[in-house]
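Some notes on the structure that comes next.
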Amino acid sequence: MSDSFRDEVRAWLAAHCPPSMRVAPPEISHLYGGGRRAKVWHPDQPAWCAAMASRGWTVPEWPVEYGGAGLSREHAAILREEMRRIGAQQPLFSFGISMLSPVLFKFGNDDQRRRFLPDIARGAIRWCQGYSEPNSGSDLASLMTRAEDKGDHYLVNGQKIWTSYGDEADWMFCLVRTNTSVPKHEGISFVLFDMNTPGVTVRPIKLISGASPFCEVFFENVRVEKTNRVGEEGQGWAIATYLLSHEREMISSLGKIRHDTDPGRRALEIFGTDGEGRLRNASLRQTLARYQLDAAAFRLWIEHGERHPSASAGMGAMSSAVKYYGTELNKRRNELYLDIEGADALLWDARGPAGEAWARNWLRSKGNSIEGGTSEIQLNIIAKRVLGLP
Ligand SMILES: Cc1cc2nc3c(=O)[nH]c(=O)nc-3n(C[C@H](O)[C@H](O)[C@H](O)COP(=O)(O)OP(=O)(O)OC[C@H]3O[C@@H](n4cnc5c(N)ncnc54)[C@H](O)[C@@H]3O)c2cc1C
């Protein structure tokens, strides 16, 4: 059964995944995000996404009625393995899939699931995350964006910051304060709204990597229907942390080696081998070997988790461990490229053999240990909730 499924997947990918979609994009932000204003970095991206969506393979384990393929854990893992084998580009990079959908499945109502999930599965609407505020990052529960009760709707006023893809997204999932007279964790609600709603203003922030993937977002009397609140009023903190555990799992995948940018291969091409078949550069050999071992162990850890029957429930606090380790690995890999390529890799427009933008990716990787909660916060969570330290 599994073998015949693998054969079917392999044949389908051979027929439908064009060669241009069998390489990783030069920068992670060049993955296809879909949406009403879809930014196309390669002309084949929309068709590749549509082909995968037509099989339900952008979200292989979701039920068919919501745009998935209803695959078992095991079959979904086979699909991922076969995609990895040919280096298939992720067809849709979507906060809707990785972050919002687990929340809709667990806390949403039937109407919300029917309304949003099929569009998320085929990349018709793109989502951004309205969590952080100028004075509420690690201490997220102190957020001040206010949602005032107006009967059948809320009026939202306040500001978010560091909103990734805020200028490209169609909708936002957003934490708002609905009650100021209870302890801070209890007065938060989780709402959804269209970024075209009057009163929403987006201003991109330019990063050191040259890109502007995130924004400031301002709200002035933004009307949000109560039917767009997920869960109960005041339940927002439980929803927020559940979503964060899925976000951290998603970010941790940065730690996996992409086949076309394996630093080991690149080092061999540049330095060659000595008489004993070892990489000629001894100090690099040490660093590389340590990295390769850690990366392989990490990949096995993640793959084991993906196949585990309880995986669909999410990893809970363990997501902090994979997030911490995956992002540290990604930073080490980007450092390694610079060690291997030398000073030339620091040139702004320097590109690797697969088109990867070394300097920009290296600069971007610094943010990995901040986004989705900083490394210090992950270590605190691991200490308290995984290890049970006082
Ligand atoms: C690339 C990128 C993308 C992002 N995208 C989004 C997004 O789409 N939506 C969104 O809402 N936010 C987003 N963020 C924001 C991110 O979630 C916050 O930057 C992060 O939570 C840290 O908050 P802060 O920047 O306010 O730093 P602070 O919370 O002010 O932290 C400053 C420093 O103090 C340390 N610190 C704080 N509290 C503690 C503690 N209790 N113990 C130990 N150390 C502590 C932190 O580790 C950090 O080093 C993004 C950030 C980055 C870098």
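All values derive from a computational prediction rather than experimental measurement. Every number for a ligand or one of its atoms is a count from 1 in the order of the listing.
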field: Cation-pi check, K160 onto Y131 ring (under 6.0 Å, within 45° of axis)
entry: no
query: In terms of atom number and element, which parts of ligand 1 are under 4.0 angstrom from non-hydrogen atoms of R364?
result: 1 (C)
query: For E376, is at least one N or O under 3.5 Å away from an N or O on ligand 1?
result: yes
- prompt: Counting only non-hydrogen atoms of the protein, does one fall under 4.0 Å from atom 40 (C) of ligand 1?
  reply: yes
message: Strictly less than 4.0 Å: does any protein heavy-atom distance to atom 13 (C) of ligand 1 fall in that range?
response: yes
query: Which atoms from ligand 1 have a heavy atom of I370 less than 4.0 Å away?
result: 19 (O), 20 (C), 53 (C)
- prompt: Quick one: which of L117, I97, I120 gives a side chain to side chain contact (heavy atoms under 4.5 Å, CB included) with V59?
  reply: I97
- prompt: What atoms in ligand 1 come closer than 4.0 Å to a heavy atom of I377?
  reply: 38 (N), 39 (C), 40 (C), 41 (N)
query: Where on F214 is there a heavy atom closer than 4.0 Å to ligand 1, on the side chain, on the backbone, on both, or on neither?
result: side chain
task: Provide, to 0.1 Å, the distance between atom 23 (O) of ligand 1 and the closest protein heavy atom, together with that atom's residue and name.
output: G137 CA, 3.2 Å
field: Polar side-chain atom of N330 near backbone of G326 as donor-acceptor pair, under 3.5 Å
entry: no
message: Tell me if the aromatic rings of F190 and Y242 count as close, with their centers under 6.0 Å from one another.
response: no
task: Report yes if the distance between the aromatic ring centroids of W127 and F116 is under 6.0 Å, otherwise no.
output: yes
query: Are the aromatic ring centres of F93 and F95 under 6.0 angstrom apart?
result: yes
query: Which of the numbered atoms in ligand 1 are below 4.0 angstrom from a heavy atom of Y131?
result: 11 (O)
- request: Could you find the nearest protein heavy atom to atom 25 (O) of ligand 1 and give me its residue, atom name and distance?
  value: W162 NE1, 3.9 Å
field: Nearest-neighbour protein heavy atom for atom 37 (C) of ligand 1, which is reported as residue plus atom name and distance
entry: S138 OG, 3.5 Å
statement: Judged by heavy atoms only, the candidate from T374, L140, N368 nearest atom 22 (C) of ligand 1 is T374
task: Kindly state if atom 8 (O) of ligand 1 has a protein heavy atom within a strict 4.0 Å cut-off, that is, under 4.0 Å?
output: yes
message: Can you check atom 34 (O) of ligand 1: any protein non-hydrogen atom closer than 4.0 Å?
response: no
message: For atom 5 (N) of ligand 1, what's the nearest protein heavy-atom neighbour? Residue, atom name and distance, please.
response: S164 OG, 2.8 Å
Protein contact to atom 18 (C) of ligand 1 [nearest heavy atom, distance to 0.1 Å]: S132 OG, 3.9 Å
- line: A student checking ligand 1 against N380 at a 4.0 Å heavy-atom cut-off should list atoms 40 (C), 41 (N), 42 (N), 43 (C)
message: Between R364 (side chain only) and K366 (backbone N and O only), is there a donor and an acceptor less than 3.5 Å apart?
response: no
query: Would one find an N or O of Q129, backbone or side chain, under 3.5 Å from an N or O of ligand 1?
result: yes
